[in-house]
Amino acid sequence: MKDSYAAIIVGAGHAGVEAALSVARAGFPSLLITMNLDSICQMSCNPAIGGVAKGHLVREIDALGGEMGLAIDQTGIQFRMLNRSKGPAVWSPRAQADKKQYHLYMKRVVEGAAHLDVKQDTVEEVLLNGEGEACGVKTMMGQTFLSRAVILTTGTFLKGLIHIGEFNYSAGRGGEFAAMKLSEHLAKLGFEIRRFKTGTPPRLDRKSIDFSKTKIQPGEEPAPKFSFRTRSISQEQVPCYLTHTNERTHAIIRQNLHRSAMYGGMIQGIGPRYCPSIEDKVVKFAAKGQHQVYLEPEGRDTDEIYVNGLSTSLPQDVQHQIVKTIAGLEDAEIMRLGYAIEYDYAPPTQLTHGLETKRIKNLFFAGQINGTTGYEEAAAQGLMAGLNVIRKLRKVPPFVLDRSEAYIGVLIDDLVTKGTNEPYRMFTSLAEFRLLLRQDNADERLMKHGHEFGLISDSDYEEMLNRKALIENEIRRLKKTSLKNETLEQILRRPGTRYSDLPAPDQAADSIPDELVQRIEFDVKYQGYLRRQDAAINRFRRIQNKKIPAGLNFTQITGISKEAAEKLSRIRPPSFAQASQIPGITSCDLSLLAVHIERLKRTDDFSCDYVNPSC
């Protein structure tokens, strides 16, 4: 058994798997340590991938060479494109997964990956060398593994505590042990540790549900793909079903709020605002007479139904009562109770934009340890941590995507610059340049990076270039071809006109795939808006490229507020763009900072390295 690796990844959830695969596929011997080999990429909550903005993240992960998109295309049981009635910037793919098959797919990929060892054990310590840099880990079983880099992707397992009403017990998720010592160890190393919570709904027995009282929600045909490398999705789709809570449901919840773990004071951690429990919905939206409840199959070979919209920490007897008030669920049997879980996380302002900790070199954090929620946000961070470990091992600068390049750039910039006071979830509204950052063009934006890292094959990259050329050539043809003193491009820009309404002069135009037709329509119809966003990006990049010296003493800046000096000293943003994202930093603070740097540049001891380490 080897005891030395290029990288060690702790945790085999969605973040850990993407991190481990990226480093191993780059040719570096890696070790993935998980508490349970039977839970690799387990879907602890909703067995689904994608959704609003989350679908964008998955397509970006795929373009960079990650595995999530390929996995869901192979194991999905229902596929839909959300928000088709709205503008193209917010179209988002979503798929219901076969929970067990998704896990088995990822387990096969991980176990079959070259340069990757997989071990079952619990990591309790990060080892440091004489220079205070991470150099390995020590496990509960007393094993010591050495490495040049360590990535922690611990999910909800750090001091995980499950709550069901007044009852609670230690667990990382239902049925699994918590990791009790690692967060204490991180605190001893000087990291700030806080507490968050999330929750999950009950699972019901399909045989006990009367689906005739619900509304069927079929998938789309043809099924929208997640991966640019998937040729087509051929598996039969499975329907989901929609029902609603009602006033009887809400009355029972209100009567028992004191018994809810969250409202009864048993939970101290902060929960996700945008994925609230049913208790939260009833309290915060008291005027609403009903809330949507989606009944989603957990797989083809199981009778478990996930009750999306009914996340709760109410006691067992109350959960049974509220389920039976809902149309179609009057005789429903609960197979697994819903619960809330509290866990430790490390505020992400303690990280660089490469997801390396500022306190300890060669130590990276990714996923829910950074205060995020969601499989997609975790996978994106895991992949980026892996790519930055690759860069570190190759002794080249970090790989950082900015806010104008990708939703992943927005996600990481928000986390490390602003931090988060609640579990962070990605939304399209958080991206300033979302019309350019569409889910359909992630390959054009990011596949060049995946190819450079060696995670995208030459053939897949060549296919992307061919798709891009096909789109550009067709738009060029539309601009040159006229019909009644108007170009085809001008005709297509008319409201209500579709590409299919235009005359096609040759067979080649007829053969353009539907997914590329949509991209052509978007690029033509939104041309003016796209140009304005391009101009905004150029302005953004001019600001972004202004560096802040790494060793600057912010307390010496004349006139700057105490709050600004404290936040800048703690977060240490590398550029004015990142500094401008920090809550509480004003334009006046930035102006004073710029003047201070210009003054320092005129001093004799202000070296080139101090002004810009990369110059």
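Every value quoted in this text rests on a predicted model; they were computed, and no experiment measured them.
Inspection of the S234 and S232 side chains reveals no N or O donor paired with an N or O acceptor under 3.5 Å. No hydrogens or angles considered: a donor-acceptor pair under 3.5 Å links the side chains of E67 and Y105. In this model, no donor atom of one side chain and acceptor atom of the other lie less than 3.5 Å apart for Q533 and E432. Side-chain atoms of E296 and N308 form a donor-acceptor pair, as typed in the model, at a separation below 3.5 Å. N388 and R391 form no side-chain donor-acceptor contact under 3.5 Å, judged by distance and modelled atom types alone. For the residue pair Y345 / N370, no side-chain donor-acceptor distance below 3.5 Å is found, with atom types taken as modelled.
Judged by a 6.0 Å distance limit and a 45° cone about the ring axis, R173 is not positioned over the six-membered ring of F157. A cation-pi arrangement is found for R84 relative to W91, the charged atom lying closer than 6.0 Å to the ring centre and inside a 45° cone about the ring normal.
With respect to L488, the side-chain contact (heavy atoms from CB on, under 4.5 Å) criterion is satisfied by exactly one of T497, L478, D501: L478.
A salt bridge links D303 with K207: the closest approach of a Lys/Arg side-chain nitrogen to an acidic carboxylate oxygen falls below 4.0 angstrom. Between K100 and D301 there is no salt bridge, since no side-chain nitrogen of the basic residue lies less than 4.0 Å from a carboxylate oxygen of the acidic one. Between R438 and D523 there is a salt bridge, with a side-chain nitrogen of the basic residue lying less than 4.0 Å from a carboxylate oxygen of the acidic one. With respect to the salt-bridge test (charged N to carboxylate O, under 4.0 angstrom), the residues E60 and R445 qualify.
In this structure, Y526 and F522 have perpendicular ring planes: the angle between them is above 60°, well past the 30° mark. Ring-plane geometry between Y343 and F196 is classed as perpendicular, the angle between the planes exceeding 60 degrees on a 0 to 90 degree scale with a lower cut at 30.
Screening residues 374-390 for salt bridge (charged side-chain N to carboxylate O under 4.0 Å, His left out), with sequence neighbours left out, gives K54-E376, K54-E377.
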task: Could you go through the ring pair (Phe, Tyr, Trp, His ring centres under 6.0 Å) check for H449 and F399 one step at a time?
output: CA-CA 9 Å; H449 299 303; F399 175 62; 5.1 Å; yes
